[in-house]
Amino acid sequence: MKKNLVIVESPAKAKTIERFLGKDYHVMSSYGHIRDLKKKDFSVDIENNFTPIYEIPDDKKKVVAELKAAAKQAETVWLASDEDREGEAISWHLFDALGLKDDNTKRIVFHEITDTAIHRAIETPRKIDKNLVDAQQARRVLDRIVGFELSPVLWRKIKPALSAGRVQSVAVRLIVEREREIQQFNSESAYRIIAIFTKKEGGESFEVKAEYNKRLKTKEEALALLEKLKSSLFSIEDVTVKPARKSPAAPFTTSTLQQEASRKLGFSVAQTMSVAQRLYESGKITYMRTDSVNLSGLAINTAKAEVTQLYGPEYVKVRQYTTKSKGAQEAHEAIRPTYIQNSAIDGTAQEKKLYDLIWKRTVASQMADAQLEKTTALIDISNDKGKFVANGEVLKFDGFLRVYLEGTDDEDAEVTDGILPPLTQGEALDMRETIATQRFTQRPPRYTEASLVRKLEELGIGRPSTYAPTISTIQNREYVEKRSLEGEQRPYNVLALKNGKLKDTDKTETFGADKNKLVPTDIGMVVTDFLMESFPSILDYNFTADVEKDFDKIAEGKTQWNKSIADFYKVFHPIVEEVSQTHTEHKAGERILGSDPKTGRQVSVKIGRYGAVAQIGSSEEEEKPLFAPLQKTQSIETITLEETLKLFDLPRTVGTFRDKDVVAAVGRFGPYLRHDGKFVSLPKGIDPLEVLLEEAIELIEAKEKKDREKTIKTFPEEPGLQVLNGRYGPYITFEKKNYKIPKNQEPSELTLDRCRQIIAEATDGTTKKKKTTRKTTAKKTKK
DNA sequence: CAGTGAGCGAGCTTCCGCTTGACTT
């Protein structure tokens with residue numbers, strides 16, 4: 001047995017460190033926290049000074065047993081969990097749960113996994129910092145109190161199985177508030193006026209595009225200006241040339257990686273993390289859950305060498321970045337390639353793409369600024385006070401842009417002209433054409449997963465390890481949905497002046513279309529409104545930042561953690577009590593819309609067991625109430641009495657066809673028709689309340705035809721195997737599984753043997769994959 | 001990825017942070 005046992009948090013880290021430390025050290029991993037508050041019950045003893053009740057979760061028992069056995073045999077145990085609040089707590093829990101002894105246990109920390117950093121750490125051990133541990137306990141207990149006291153209130157007032165918490169509830173609030181801003185947004189329009197001037201020089205003709213330095217509110221003003229311009233003379237009043245620079249972005253943190261992967265590769269936040277995890281486990285990148293932009297000295301030197309070799313020394317600029325984000329704990333390095341000299345790797349397409357992004361970002365971060373020259377020309381109008389302004393931008397030295405430019409979320413970035421022709425003061429220009437276009441102000445953008453992460457990080461809410469899970473939680477609870485919304489059409493006006501003639505055209509454009517954006521559901525809105533009304537302090541955007549200040553005081557030893565929690569509880573708990581006791585007759589968010597003209601019974605909408613629902617009558621009445629779910633496009637906030645009553649007209653019998661009823665209804669997946677036991681989805685734009693029998697029959701027959709065409713081939717000797725035509729083209733189906741048909745294969749010419757071969761090849765591939773993963777896990781358990 | 005199509009009165013939901021799991025013998 002080896003003399004030294006080192007315990008780190010991650011197994012991939014353990015492997016690397018063992019290489020650096022040599023044969024006297026055995027490095028094992030705790031796989032994160034090994035103890036937590038008991039999963040069941042409140043598990044914070046309020047009466048007893050908020051004593052936490054910890055347990056080792058079932059899936060951690062084995063790890064703890066193995067660590068315990070190894071610790072017993074070791075002369076010295078080195079606790080090397082991360083140097084942050086959570087890491088310190090992990091060490092403390094390990095110390096306690098493994099029954100370690102003070103005299104042969106040492107606490108060490110390092111921020112980067114390099115040979116020197118680790119050896120330096122071993123030379124400078126310390127004791128566990130109990131104050132920092134207490135700060136973590138305070139954090140943990142506070143989150144439990146908030147989560148486990150608020151959630152049950154929601155179960156009672158709104159719907160079972162809902163949840164609230166310090167992080168998730170604020171995330172939902174951001175989305176709800178943004179949606180309301182969008183709803184209330186009134187766009188205003190103004191005319192943007194752009195002229196194209198020409199200049200002749202030495203037989204060559206140049207174009208200069210310039211914008212009028214004012215936007216004009218009304219069509220009258222725009223027309224008046226164009227009218228005036230008919231007789232204007234134009235000349236260059238002034239030309240200024242200014243140098244400008246652009247600097248590269250800092251190396252990736254978890255949040256910036258998620259944003260860039262979303263913008264440039266279209267990855268979801270969860271997808272980015274799982275691809276990054278694979279890159280990390282195979283040793284290709286450094287740790288992917290980090291809030292630090294710091295690079296190790298070694299990494300900087302390698303990047304420098306790489307840039308010099310690839311692009312030349314003039315492209316090098318060594319830079320140290322500092323973290324701006326609130327509450328960063330910087331236990332790790334920034335996310336970078338482990339070996340920067342590898343500009344590409346083997347792997348899946350996704351792995352390659354993400355690695356490429358990380359490589360470029362890292363290398364660019366150590367490169368020179370890009371140098372630009374910005375030219376602004378002011379063009380005088382002889383008979384008007386306004387000016388035309390032409391902007392040109394020339395790249396003098398590309399610097400880091402040669403490798404990488406950070407993406408933006410800005411959907412309509414300014415159009416800047418590339419290069420301006422040489423212009424001299426006083427010189428006259430001819431106007432070729434002027435176009436005044438009616439432009440509308442833009443509503444605020446909806447959040448994407450990645451832009452929500454950015455906002456949370458900005459507010460100091462959540463941690464690199466929780467951004468992705470938080471995004472899934474608020475979707476799983478059905479507080480928000482990722483949706484694509486169709487835009488609306490709106491008219492706009494274009495006025496053009498050319499050759500002294502004015503043309504007035506009305507055009508239409510689509511606006512407000514959105515793809516894959518986070519949109520609140522009715523549940524999300526009702527829960528947020530309720531929490532905002534009853535617990536505004538918890539939903540405050542500064543709540544986390546404020547409690548973090550308390551945690552810092554605990555970490556500095558200036559406050560007792562239980563005292564800090566007691567102060568919070570003293571204020572918080574009575575509000576919970578009060579809110580739960582004010583027994584509202586109606587559920588939160590319920591709206592009473594009026595009465596049903598047929599029966600006189602009350603018509604209302606609320607959040608039901610399965611989401612938003614309309615109701616006629618109430619449960620107190622003898623006659624049972626009627627229920628109907630709201631449609632996807634409707635909201636309990638805005639639905640009217642008429643719209644609500646209409647919902648009860650479904651399911652509706654449209655008529656009969658081949659002696660069978662045709663029924664229109666709305667199901668989980670939208671409106672549909674049912675006929676003779678078969679279902680036909682109604683296409684967009686056809687209302688189940690209005691659909692005519694003829695239309696319905698047409699749709700049913702079309703579906704029947706499609707079904708007939710669906711089957712390309714069947715085989716009498718193997719009825720379970722079929723060649724079908726699906727949404728994404730032909731495929732083979734067999735025993736509930738589907739198989740892709742090779743590109744060069746004509747589906748109608750498939751034989752049974754060939755099908756079996758395709759299936760065999762496909763299944764062979766998957767079992768192979770499974771086998772390799774099993775091998776690696778087997779290896780792990782072996783040691 | 002390959003197709004779906006209720007119900008709205010009974011008993012258990014829930015937090016945030018660390019980490020990687022993986023049932024065929």
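Hydrogens, waters and symmetry mates play no part in the numbers below; they use all other heavy atoms, side chains included. Chain A is the first sequence line, chain B the second, and so forth, proteins listed ahead of strands; every chain is numbered from 1. Computed from a predicted model, the values in this text were never measured in an experiment.
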Legend entry - salt bridge (charged side-chain N to carboxylate O under 4.0 Å, His left out) assessment of A/Asp596 paired with A/Arg601: CA-CA 5 Å; A/Asp596 177 15; A/Arg601 301 175 81 195; over 6 Å; no
Inset, instruction - Name all stems that contain residues of DNA chain B, defined as runs of 3 or more consecutive Watson-Crick or G-U wobble pairs, both distances under 3.5 Å. - result: none
Inset, instruction - Please identify each residue that fulfils salt bridge (Lys or Arg N to Asp or Glu O under 4.0 Å) with A/Arg674, with sequence neighbours left out. - result: none
Legend entry - For A/Lys13, salt bridge (Lys or Arg N to Asp or Glu O under 4.0 Å) partners two or more places apart: A/Asp82
Inset, instruction - Could you name each residue pair satisfying side-chain hydrogen bond (donor to acceptor under 3.5 Å, both in side chains) that touches residues 144-154 of chain A, not counting sequence neighbours? - result: A/Glu149-A/Tyr569, A/Glu149-A/His573
Inset, instruction - Using side-chain hydrogen bond (donor to acceptor under 3.5 Å, both in side chains) as the criterion, list what pairs up with A/Lys60, not counting sequence neighbours. - result: none
Can you name the atoms? Protein N/O to nucleotides 8-10 of chain B N/O, anything below 3.5 Å, with the distance.
residue, atom, partner, partner atom, Å
B/dC8, O2, A/Arg609, N, 3.1

Legend entry - Residues in side-chain hydrogen bond (donor to acceptor under 3.5 Å, both in side chains) contact with A/Asp96, at least two apart in sequence or another chain: A/Arg35
Inset, instruction - Under the salt bridge (Lys or Arg N to Asp or Glu O under 4.0 Å) rule, collect the residues that match up with A/Lys68, sequence neighbours excluded. - result: none
Legend entry - side-chain hydrogen bond (donor to acceptor under 3.5 Å, both in side chains) against A/His33, all qualifying residues, sequence neighbours excluded: A/Glu86
Inset, instruction - Rounded to the nearest angstrom, tell me the gap between atom CZ in A/Arg278 and atom P in B/dG21. - result: 13 Å
Inset, instruction - For nucleotides 13-19 of chain B, just jot down a letter per nucleotide in 5' to 3' order: B, S or -, based on protein non-hydrogen atoms under 4.0 Å. - result: BBBBBBB
Inset, instruction - Applying side-chain hydrogen bond (donor to acceptor under 3.5 Å, both in side chains), name anything that partners A/Ser292, two or more places apart in sequence or on another chain. - result: A/Glu330
Inset, instruction - Sequence neighbours left out, what passes salt bridge (Lys or Arg N to Asp or Glu O under 4.0 Å) with A/Arg483? Give chain and number order. - result: A/Glu481
